[in-house]
**Student:** 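Here it is, the structure in full.
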Amino acid sequence: MDFRYDVIVVGAGHAGCEAASAAARMGSKTLLITMDMNKIAQMSCNPAVGGIAKGQIVREIDALGGQMGIVTDRTAIQFRLLNLSKGPAMWSPRSQSDRKRFIEEWVKVLSHTDNLYLWQDIVTSLIIKDNKIIGVKTMLGIEMEAQAVVLTNGTFLNGLMHCGKTQIPGGRTSEPASHGLTEQLVSLGFRYDRMKTGTPARIDARSIHFDKLVRQDGDKDWHQFSYLDTVHRELKQMPCWITYTNLRTHEVLRSGLADSPLFNGQIKSIGPRYCPSIETKIVTFAGKEAHQIFIEPEGVDSNEYYVNGFSSSLPWQIQLAGLRTIEGLEDVVLYRPGYAIEYDFFDPTQLHHTLETKQIKNLFFAGQINGTTGYEEAAGQGLVAGVNAHINVHGGAPFTMGRDESYIGVLIDDLVNKGVDEPYRMFTSRAEYRILLRQDNADERLTKRSYEMGLADRYRYDLLCHKQSICNELIEHMQSATIQKGAIDSWLESIGSSSLREGTRISDLILRPQISIKGLAEVVPSLKQRIEQIPDECIESCEIQIKYAGYIKREQNEAAKLQRLNQIRIADNFNYDEVQSLSTEARQKLNRIRPKSIGEAQRIPGVSPNDISVLLVLLGR
């Protein structure tokens with residue numbers, strides 16, 4: 001067997017699957033190494049994809065030609081578009097998936113990808129020569145050659161699980177930790193630290209009193225993750241359920257705090273601020289009498305349910321006793337208790353925006369190894385790392401995305417310029433240009449670029465061109481077609497909108513908050529006839545473009561200013577120590593991160609506007 005490859009990807013989680021798929025589809029001979037072939041793309045925690053800002057990332061992955069959106073749609077058992085009561089910048093798709101079928105669907109994708117090979121083993125060390133990666137060595141003692149390597153180790157680097165006072169080495173339940181890589185990378189000068197994450201108990205549906213819970217059904221409309229018209233939801237749709245903790249629950253949980261790894265000193269690493277354990281909630285929000293709990297299905301043929309909002313590392317007996325105080329869960333039976341896990345990560349300021357490490361050429365990091373949390377954040381990084389690994393091997397311009405192009409671009413820019421002091425999770429508030437980075441227009445932002453570099457295929461590109469053509473024609477019609485005074489006054493009055501004082505263009509009417517394209521079409525036959533054959537996604541896109549044109553233009557102008565700063569390059573060998581007019585903190589941060597441009601330097605915490613002015617003067621600007 002010939003163990004020589006263009007790209008080797010270590011770890012088959014969400015980052016690894018996207019990295020390997022992207023590199024292989026672009027033409028690199030790619031090897032994906034995993035500990036367990038039966039747990040590829042395992043949903044280690046919640047069996048769900050998307051959510052606030054995360055859903056936008058998945059749509060971007062799909063627009064780029066990645067696979068997460070396709071796999072999610074085909075395995076979805078509930079889909080919802082969140083935040084519809086807010087503006088379109090906040091709309092975020094989310095889907096529950098069948099955990100088992102999610103794995104099976106990813107295995108199908110990988111198995112039918114040309115140039116992609118799989119190997120079950122554990123990588124124990126990297127083979128490096130002259131500060132350049134040339135391969136990996138595995139637990140089986142096999143040395144494998146590669147021109148580029150992507151590490152996507154998830155929570156496995158020196159992973160340690162906690163359930164009460166019990167500690168078990170491992171990266172996930174019943175899976176061993178990975179040892180050796182952290183130690184080797186540290187010896188090469190990499191900075192690392194430890195983080196903590198956790199997962200709730202899983203419970204048996206047969207022990208749940210669903211009649212006491214509040215039912216939450218999914219959406220039944222046309223929305224989905226993938227832009228492809230060949231991809232649809234195929235599985236039975238299932239409800240989620242809502243209940244709440246209570247004061248008795250909190251009393252039971254407090255009784256176990258002395259044995260909680262989070263509060264007795266057993267866990268010393270940093271956990272996620274925005275997804276805290278239930279024991280952290282009752283301590284941090286001591287005056288709160290109840291916390292919302294979602295009971296979510298794991299699959300159409302499974303009795304396993306996920307207790308969202310009840311992540312815990314308390315002793316299993318306390319977890320069970322606490323759950324049984326919650327309405328609807330009085331007789332609950334556990335499949336397994338929740339647990340916390342500590343693992344190694346590396347300071348992401350040691351990376352370029354391509355996710356290649358600064359110390360070792362052609363070595364890439366993606367996912368939780370960079371201090372992020374979440375399947376979506378990992379997958380987005382994996383795709384970027386896989387693309388750039390291929391480019392490094394075969395040539396081409398590095399693939400990066402700006403903060404005005406994608407949430408993935410925001411994510412990577414935050415990691416590289418700011419680093420992390422807690423598990424990084426994406427939110428819409430992290431993006432300055434939210435109205436540009438909507439979930440409906442990811443294809444318009446990214447598919448053309450991806451097609452030109454060889455990842456998105458021709459069919460996907462043609463779909464985009466067709467959509468844009470339809471949208472342009474519809475918008476042009478609405479901007480030119482006029483509705484005469486008095487023609488629809490009775491309808492306008494019925495919806496609480498003012499009557500027309502003169503002939504008015506359709507596009508101007510759409511600006512009114514009470515009016516939608518479909519609603520107006522019901523009283524304007526020419527508009528109804530025009531939109532009858534137009535896909536709903538195109539109609540929604542046109543409506544957003546018209547209603548929010550002013551906001552979109554303003555953010556485009558702001559983004560253009562940022563682009564000008566990004567174009568002012570800083571030489572790799574620029575000596576910041578010689579610039580005494582820079583603040584001490586700025587010199588330290590600039591020396592450590594080595595930004596490529598003034599735009600990047602401006603986004604580094606600790607670099608002040610005065611420091612930027614100094615640099616602009618020195619660079620002749």
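The first residue of the sequence shown is numbered 1, and numbering continues consecutively from there.
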**Student:** Does Thr447 use its side chain to pair, donor to acceptor, with the backbone of Asp443 at less than 3.5 Å?
**Tutor:** yes

**Student:** Around Glu289, counting heavy atoms of other residues, nucleotides and ligands shown, do more than 12 lie under 6.0 Å from its CD?
**Tutor:** no

**Student:** Using a 6.0 Å cut-off, check whether atom NZ of Lys358 has over 12 heavy atoms from anything other than its own residue.
**Tutor:** yes

**Student:** Between Asp611 (side chain only) and Val607 (backbone N and O only), is there a donor and an acceptor less than 3.5 Å apart?
**Tutor:** no

**Student:** Can you check whether Met238 reaches Gln96 side chain to side chain, under 4.5 Å on heavy atoms?
**Tutor:**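 Result no, sub-4.5 Å side-chain heavy-atom pair not found.
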
**Student:** Measuring only between side-chain heavy atoms, which start at C-beta, is Thr349 closer than 4.5 Å to Asn417?
**Tutor:** no

**Student:** Which distance, rounded to the nearest 0.5 Å, do you find between the CD of Gln468 and the CG of Asn441?
**Tutor:**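 Between Gln468 CD and Asn441 CG, I get 10.5 Å after rounding to 0.5 Å.
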
**Student:** Which value, rounded to the nearest 0.5 Å, describes the distance between Asn370 atom CG and Leu355 atom CG?
**Tutor:**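 Those atoms lie 6.0 Å apart.
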
**Student:** Within the side chain of His353, is there an N or O that forms a donor-acceptor pair under 3.5 Å with the backbone of Gly402?
**Tutor:**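 No; judged by distance alone, with no hydrogens or angles, the pair does not exist.
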
**Student:** With a 4.0 Å cut-off on N to O distance, would you call Lys196 and Glu342 a salt bridge?
**Tutor:** no

**Student:** Is Gln556 close to Tyr433 at the side-chain level, that is, under 4.5 Å between some pair of heavy atoms?
**Tutor:**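 No. Closest side-chain heavy atoms not under 4.5 Å.
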
**Student:** Hey, are Arg603 and Asp414 close enough for a salt bridge, meaning a charged N less than 4.0 Å from a carboxylate O?
**Tutor:**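 Not counted as a salt bridge, because no side-chain N and carboxylate O are separated by less than 4.0 Å.
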
**Student:** Could you check whether any side-chain heavy atom of Leu415 comes within less than 4.5 Å of a side-chain heavy atom of Leu351, counting everything from C-beta outward?
**Tutor:** no

**Student:** Between Glu452 and Lys448 (salt bridge meaning N to carboxylate O under 4.0 Å), is one present in this structure?
**Tutor:** yes

**Student:** Walk me through whether Lys596 and Ile570 qualify under side chain to side chain contact (heavy atoms under 4.5 Å, CB included).
**Tutor:** CA-CA 5 Å; Lys596 299 286 188 183; Ile570 302 175; over 6 Å; no

**Student:** Would you say the side-chain atoms of Gln368 and Asn153 include a donor-acceptor pair closer than 3.5 Å?
**Tutor:**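 Side-chain D/A pair, Gln368 to Asn153: absent.
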
**Student:** Could you check whether any side-chain N or O of Ser469 sits under 3.5 Å from a backbone N or O of Lys467, counting only pairs where one atom can act as donor and the other as acceptor?
**Tutor:** no

**Student:** For the side chain of Ser97 and the backbone of Ala48, is there at least one donor-acceptor N/O pair under 3.5 Å apart?
**Tutor:**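 Such a contact is absent between Ser97 side chain and Ala48 backbone.
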
**Student:** Run the ring pair (Phe, Tyr, Trp, His ring centres under 6.0 Å) check on His390 and Phe399 step by step: do they pass?
**Tutor:** CA-CA 10 Å; His390 167 84; Phe399 174 62; over 10 Å; no

**Student:** Will you find, in the side chains of His223 and Glu540, an N or O donor that is under 3.5 Å from an N or O acceptor?
**Tutor:**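 Side chains of His223 and Glu540: pair found under 3.5 Å.
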
**Student:** Would you say the side chain of Lys518 lies within less than 4.5 Å of the side chain of Asp536, judging by non-hydrogen atoms?
**Tutor:**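 Side-chain contact under 4.5 Å: yes.
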
**Student:** I would like to know whether Tyr343 and Phe156 meet ring pair (Phe, Tyr, Trp, His ring centres under 6.0 Å); could you show each step before the answer?
**Tutor:** CA-CA 6 Å; Tyr343 57 94; Phe156 285 83; 9.7 Å; no

**Student:** Are the side chain of Glu60 and the backbone N or O of Tyr407 linked by a donor-acceptor pair below 3.5 Å?
**Tutor:** yes

**Student:** Is the closest side-chain heavy-atom distance between Ile568 and Ser597 below 4.5 Å?
**Tutor:** no

**Student:** When you measure from the side chain of Thr72 to the backbone N and O of Met68, does any donor-acceptor pair fall under 3.5 Å?
**Tutor:** yes

**Student:** Count the heavy atoms belonging to other residues, nucleotides or ligands that lie under 6.0 Å from CZ of Arg191, then report whether that count exceeds 12.
**Tutor:** yes

**Student:** May I ask you to decide if Arg101's main-chain N or O and Thr75's side chain share a donor-acceptor pair within less than 3.5 Å?
**Tutor:**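 A pair under 3.5 Å: no.
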
**Student:** Which value, rounded to the nearest 0.5 Å, describes the distance between Leu411 atom CG and Glu377 atom CD?
**Tutor:** 6.5 Å

**Student:** Check the side chains of Gln78 and Ser95 for a donor-acceptor pair under 3.5 angstrom, ignoring hydrogens and angles.
**Tutor:** no

**Student:** Could you give the distance from OG (Ser311) to OH (Tyr339), rounded to the nearest 0.5 Å?
**Tutor:** 10.0 Å

**Student:** What pair of heavy atoms forms the shortest contact from Thr428 to Ala89, and how long is it?
**Tutor:** CG2-O, 4.2 Å

**Student:** Centres of the Phe345 and Tyr192 rings: under 6.0 Å?
**Tutor:**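 No, the ring of Phe345 stays outside the 6.0 Å limit from the ring of Tyr192, centre to centre.
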
**Student:** Looking at Tyr306 versus Phe294, is the centre-to-centre ring distance below 6.0 Å?
**Tutor:** no

**Student:** Less than 4.0 angstrom from a charged side-chain N to a carboxylate O is my criterion; do Asp347 and Arg592 meet it?
**Tutor:**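 Counted as a salt bridge, because a side-chain N and a carboxylate O are separated by less than 4.0 Å.
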
**Student:** Provide the closest heavy-atom pair for Gln67 versus Arg25 in the form atom of the first, atom of the second, distance.
**Tutor:** NE2-NH1, 3.1 Å

**Student:** Hydrogens and angles aside, do Ser44 and Arg172 bring a side-chain donor and acceptor to less than 3.5 Å of each other?
**Tutor:** yes

**Student:** Compute the centroid of each ring, for Tyr461 and then for His466, and state whether the two points are separated by less than 6.0 Å.
**Tutor:** no

**Student:** Please tell me if the side chains of Ile517 and Met478 come closer than 4.5 Å, counting only heavy atoms from C-beta onward.
**Tutor:**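 Contact flag for Ile517/Met478 side chains = yes.
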
**Student:** Answer yes or no: is there an ion pair linking Arg403 with Asp413, defined by an N-O contact shorter than 4.0 Å?
**Tutor:**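 Counted as a salt bridge, because a side-chain N and a carboxylate O are separated by less than 4.0 Å.
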
**Student:** Will you find, in the side chains of Ser226 and Asp73, an N or O donor that is under 3.5 Å from an N or O acceptor?
**Tutor:** no

**Student:** If you round to the nearest 0.5 Å, how far is CD of Gln381 from OH of Tyr424?
**Tutor:** 9.5 Å

**Student:** For the side chain of Gln237 and the backbone of Leu235, is there at least one donor-acceptor N/O pair under 3.5 Å apart?
**Tutor:**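 Side chain of Gln237 to backbone of Leu235, a donor-acceptor pair under 3.5 Å: yes, one is there.
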
**Student:** Calculate, to the nearest 0.5 Å, the distance between atoms CZ and NE2 belonging to Phe285 and His250 respectively.
**Tutor:** 11.5 Å

**Student:** Please tell me if the side chains of Pro93 and Arg59 come closer than 4.5 Å, counting only heavy atoms from C-beta onward.
**Tutor:** yes

**Student:** Any Lys/Arg nitrogen of Glu296 or Arg80 sitting under 4.0 Å from an Asp/Glu carboxylate oxygen of the other?
**Tutor:**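 Result for this pair is no, no salt bridge flagged.
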
**Student:** Quick test of your reading of the model: are Arg438 and Glu555 salt-bridged, counting only N-O distances below 4.0 Å?
**Tutor:**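 Between Glu555 and Arg438 there is no salt bridge, as every charged N stays at least 4.0 Å from the carboxylate O atoms.
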
